[in-house]
Each structure stands twice: as C-alpha cells, then as structure tokens.
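In what follows, every heavy atom counts, from backbone to side chain, and hydrogens, waters and symmetry copies are set aside.
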Amino acid sequence: MATNGIALQPAVARCILAAWHEARRRQRKVFPAETPDGAPIVVVALPAADATVLVAMERDSRDALFEFVGAVDFAADILAHFLTNPFEALSVVDRQGIVRYMSPVHERFFGLQPGGGTGRHATEVIENSRLHHVVASGKAEIGLLHEMRAITRVVSRHPIRNRHGDIVGAIGQIMFKGPEQLQALSAELSKLKSEVAYYRRELSDLRNRSYGLDQILGNSPAMQRLKQQIVKLAPLDVPVLLTGESGTGKELAAHAIHKLSPRRDDTLVMVNAAALPATLVESELFGYEAGSFTGAERKGRKGKIEQADGGSLFFDEVGDMPADVQVKLLRVLQDGNFQRVGGNELRHSNFRLISASNRDFEAMIANGSFRLDLFYRIGGVTIRMPSLRERIEDIAQLAELALWQFAERHRQRPKKLSAAACEFLQNQRWPGNVRQLMHTVERAAIFCESEVVVPADFGIIDADPAELPPMLSDGAGHAALASTGASLRVSNAVERVEEQLIRQAMARLQGNKKRVAAELGISRSYLYKRLAQIGLGAATGSEVT
C-alpha cells in the first residue's frame, strides 16, 4: 500500500478503506466517504491487474459531484457513458494545454493507441485544436466548425473552473458529425417555425373573421347603418341590447360585437333564456357547489356567468327570463358579484353583457312581466336589427350564399339563382326573415331539377288564404280588421299566421319538433317558446333532439 496526500493521515486512510470495502461489495467504483472530523470525500477506485488505486478528493458538503456520487449508485456508469459515448465523448487538457485524457472514440479517430495522446500538447494531437486558446481566454466556443483529417465537425469547447473559480483546464466535444446534420436540423426547425407561424395566422384570422362583421352580409342602407353602429359600439365596454324580429341575425351581431371588442381573446359565452329548464336556471347561470343537489358533479360546476369572466355573455331571448331570475341577474349586473347554488362564498365575474330579444319590452314592463330596472341595465345601448322586408336589396346575395353553403355541405356543384327567382323572393313577406329565406332557398336547391333555380322550385312560401286563421281568411275577418283599425298591428297578424303554420306542421309531422323547426326554418328554442305561448308546450309526439 502506498499512501499520499490526505491518506497519509491514518484515521482518514481507515475511513477511505472502510468505504472502499463497502463500495466493492456494491460494485461501485466511485463512492463517498467521510473523515473523522466529518469532512466529505469522494473516492474513485481505479483497479489494475495486481493493485487498486484509490483517488480521494476533499469536496464541499454541498458539492455537486459529492451529491451526485452519494445519491446515485451507478454514478460511475454514467461518467463512463459520457467518456465513451461518441456523441458526448470528450478530450481534456490542463491549464497548459497538455492533453490529460482523450475518449477512446477520439483516439481511434486520430489513429492513436490507448493513452497515446496523454502528456502531449493539444496542437500535437488534435489537428487545428483551439483548446489551449479556450484555456487562455476562459471563453467557451460553441457550435463552431472544426476541420480534422479532411472532415468537418461541429464542436464545442468549454473552459473548466474549480470551486474557487480558477481555470484548471478545458474540454472539447463533438456536437454533430458534420454541418449537414446541423443544416438538416436547421431546415427542419425553419419548417416547423413556418408551420407554427402559418397556423397562428390562420387562428388569428379565424378569431377575427368567424362570426365577425364580414359574416353579416348585405350592402343595403339598413345594413350599412347596422355595421356602422356595431363598429362604433364594439370597443366600448357597455351593455348592448339587440332587438328585432326572429331570424334577423341577432346572434351574428353579438359575435361581431365581441370580436371587435377588447375582450376578443376571451370567451363569448352563450345563454338561451328560452331554452333553460325552469328548475335549472340558477345552477346554469350561477353554477353550483359539490353536493348541492342530487346528480350534481362531485367537484361542482362553473355557471355561465363565471365562465364569461373576462369575456362576453350573450343572453339570447332575455325577454323570456323568469321573474325570480330577473332579480338575481340584476344583482349580478350591479356589481358582478354572485354565489353558486349551495355555496356561501361570494364570487366575482367581469363580463360584458350582450342581450337579444324579439319581445316588446314596453308592453312587458307595462304588465309587470319584465323589470324596468333590469331593462335599464341590459339596454345601455339598443341596436335594432332590420327585418328582411327592410333590406330586400340583400336578398340576392343571401340567396346565393345559401346555395353555396348547401353545395359545400353536400359536395355538390353550386346552383345559380335566376333573375325571375330573385324577383320572386324579393316580393315575399318573409315573416321568418333571413332564417326563413335561407331555409327556403335550400329547399328549392333540393327539388330543383336543373342548374338554375326558378320561381317554380320554391313552391308555396307564404300561406294561402285558405290556410290563414279565420280572422284573416274571410270577409268577417276583413270587416273585423277594418273595424279595429290601428289596434291590429302587422306584428299581430304575423304572429297569427306563424301560429297557424306551427299548428299545421305539428299535426302533419306528428309532433316531431326537430322536423317542425327544420321545415319552418326556425330554431328549436324559438319553436319551444311559441309552442308554450299557443298552449302546445306539452303536446305529445316525437321529441327527437
């Protein structure tokens, strides 16, 4: 046994030997030890044919090498991997630029015997070496090209400092076997960046286009005024009430207001008051805590108001909201605070309210079915959506869109609208407005036998006199109309016609509400509302959804 350095101290030597015997049992070549005074030591065992050399190094207690060796049983195998793996293999020089170690893969590359480069200057062993410059400057060189034996490699060179910050040497590693690999990687990275940029642009365009102002078709004076109002109003964080007949595009206008507002990057949450089950209105709007009622989700659930925090809340058919919910919504609109069903915690939601309704709020406020203070809250600014009768110039463009969308969905060649068909459509009353027009044009595209849609393909759009309610279909009806004078409004007559059409469709289709809504060109939520109004809400039949 030969001893040197700290091993000259007998107590320290005994600690090293004791740790070595334990390391041999566990087949570890790098292991920690401690001196009698508690100083940490890292020991490397270098076995030979007839002897074993133990190299002991004093380290700080929080030294990375000490922690690594002490925590990982296979630390020596990891170090061996870095020394021999061709992708991490390295060459080591000391502060004078003398080679102290060279991985076997590097030795084979330079045609050296094992250890053949050790003790020689780096410039004598490694062609075009700059390791000695790195030692002298203390600056790393990463990703540089290195010509060696007529082969170009991409290499990195790093100065090595001890725990005191002094440079003790440098290491060199091969990053890529050739610039071609780097070029291929760079090309792949550029391709991925290009794809990401493309999809970001597409997503941005989609966010700004979908349901945006461009989706509101029409160049008539009425639509130009509407678009100007939306552009002026959208950036202002005020509540908006959209009024107008059913089918005029209130939902599209709500989306456009949201997309043009500062809240465009957040969510537009939609609520249809007419479709909300009466027993679940509060839980749908305000959410609920876990275990609030039978069937509640285990973790509770956010309501629509909470989901709209930071974005916009679109309240469709707001005029159909129950009176008790009106009171609670009014409280939320005042300060943004609310409580979940079954909870005591006061929550806050910062949203912009966009409401829509086709109801007559003056009449509802007069008869007490809608609160005046709530109306003032939701109607900060009111925008009236023009009916299709007020914008007949747009019918041709809307009809062409309907034909194109129909062809896209069914992968067909788009049909054309004849001039006579366009004139025919412009002369109709359209009580269902744009929704009815789109449905009518699609129905004509189905039954059209040629590539051009003509008036005959539309069939009967408005009801025949024989199909009208008695009030409007006979002489007595005309007399009644004359006697009532201004008391009978056009909107009332339209409602009577709509009621008759719904009753006939319900009877013909045996109460299948999905088919009735599709045939009449109205939404199912609106159909449910009208059925309740005319006393058919509990009508039996197929409830296909």
Side-chain angles (χ1 to χ4, degrees), residues 203 206-208 210-212 233-242 250-357 370-371 373-381 523 525 528-529:
L203 180 59
L206 186 62
R207 283 177 172 173
N208 293 327
S210 295
Y211 295 105
L233 174 67
L236 307 177
D237 203 15
V238 296
V240 181
L241 174 61
L242 302 170
K250 293 186 284 292
E251 183 178 334
L252 285 178
H255 277 279
I257 292 172
H258 174 73
K259 292 298 180 183
L260 293 173
S261 75
R263 299 174 180 263
R264 68 178 66 89
D265 293 330
D266 289 293
T267 308
L268 172 66
V269 178
M270 302 180 61
V271 180
N272 191 320
L276 283 175
T279 56
L280 298 177
V281 170
E282 289 189 55
S283 61
E284 285 292 321
L285 290 181
F286 307 113
Y288 56 82
E289 298 292 354
S292 300
F293 51 85
T294 303
E297 295 181 12
R298 186 172 58 183
K299 296 182 179 180
R301 183 178 177 186
K302 289 183 178 181
K304 300 292 187 181
I305 290 175
E306 194 171 351
Q307 294 173 25
D309 185 25
S312 302
L313 179 66
F314 176 46
F315 226 119
D316 199 9
E317 305 294 353
V318 68
D320 297 278
M321 190 187 313
D324 56 338
V325 180
Q326 292 181 28
V327 178
K328 296 182 179 181
L329 181 62
L330 178 63
R331 195 171 304 155
V332 176
L333 297 180
Q334 286 174 345
D335 53 17
N337 296 327
F338 65 97
Q339 288 180 335
R340 288 183 179 180
V341 175
N344 298 319
E345 179 184 353
L346 194 64
R347 299 174 182 269
H348 182 79
S349 180
N350 174 22
F351 60 89
R352 179 185 191 172
L353 181 67
I354 305 173
S355 307
S357 179
F370 200 87
R371 295 179 61 97
D373 48 2
L374 178 59
F375 176 75
Y376 287 138
R377 287 286 180 184
I378 67 174
V381 177
S523 66
S525 62
Y528 293 149
K529 183 183 75 172

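Across every non-hydrogen atom of Ala254 and Leu242, the tightest pair is N-CD1, 3.8 Å. When all heavy atoms are compared, the tightest approach of Leu260 to Ala234 is CB-CB, 3.6 Å.
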Derivation and outcome, side-chain contact (heavy atoms from CB on, under 4.5 Å), residues Gln339 and Arg347
CA-CA 6 Å; Gln339 288 180 335; Arg347 299 174 182 269; over 6 Å; no
For side-chain contact (heavy atoms from CB on, under 4.5 Å), just list the numbers for Arg377 and Leu330, CA-CA rounded to whole Å, side-chain angles, deciding distance to a tenth of an Å, and then say yes or no.
CA-CA 7 Å; Arg377 287 286 180 184; Leu330 178 63; 3.5 Å; yes
Go through the steps to decide whether Val332 and Asn337 satisfy the test side-chain contact (heavy atoms from CB on, under 4.5 Å), and finish with yes or no.
CA-CA 5 Å; Val332 176; Asn337 296 327; over 6 Å; no
Under the side-chain contact (heavy atoms from CB on, under 4.5 Å) rule, what do His255 and Leu268 come out as? Steps first, then yes or no, please.
CA-CA 8 Å; His255 277 279; Leu268 172 66; 3.3 Å; yes
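In this structure, the side-chain contact (heavy atoms from CB on, under 4.5 Å) partners of Ser355, at least two apart in sequence or on a different chain, are Leu241, Phe315, Val318, Leu353, Ile378. For Arg371, the salt bridge (charged side-chain N to carboxylate O under 4.0 Å, His left out) criterion is met by Asp373, not counting sequence neighbours. Every residue two or more places apart in sequence or in another chain that forms a side-chain hydrogen bond (donor to acceptor under 3.5 Å, both in side chains) with Arg340 is listed here: Glu306. Here Phe370 pairs with Phe361 under the ring pair (Phe, Tyr, Trp, His ring centres under 6.0 Å) rule; sequence neighbours left out. The side-chain contact (heavy atoms from CB on, under 4.5 Å) check on Ser349 picks up Ile305, Asp309, Phe338, Phe351, with sequence neighbours excluded. For Arg263, the side-chain contact (heavy atoms from CB on, under 4.5 Å) criterion is met by Asp237, His258, Ser261, Ser312, Asn350, Arg352, not counting sequence neighbours.
For the pair Glu284 and Val271, the minimum side-chain heavy-atom distance is 4.5 Å or more. The shortest distance between side-chain heavy atoms of Leu313 and Lys304 falls below 4.5 Å.
Here the straight-line distance linking atom NZ of Lys250 with atom CZ of Phe314 works out to 8.0 Å at 0.5 Å rounding. Considering CD1 of Ile257 and CG of Leu252, their distance stands at 11.0 Å, rounded to 0.5 Å.
The pair Glu289-Lys302 fails the salt-bridge criterion, with no side-chain N (NZ, NE, NH1 or NH2) lying under 4.0 Å from an Asp/Glu carboxylate O.
Counting non-hydrogen atoms of neighbouring residues, nucleotides and ligands closer than 6.0 angstrom, the CG atom of Asn344 reaches no more than 12 such neighbours.
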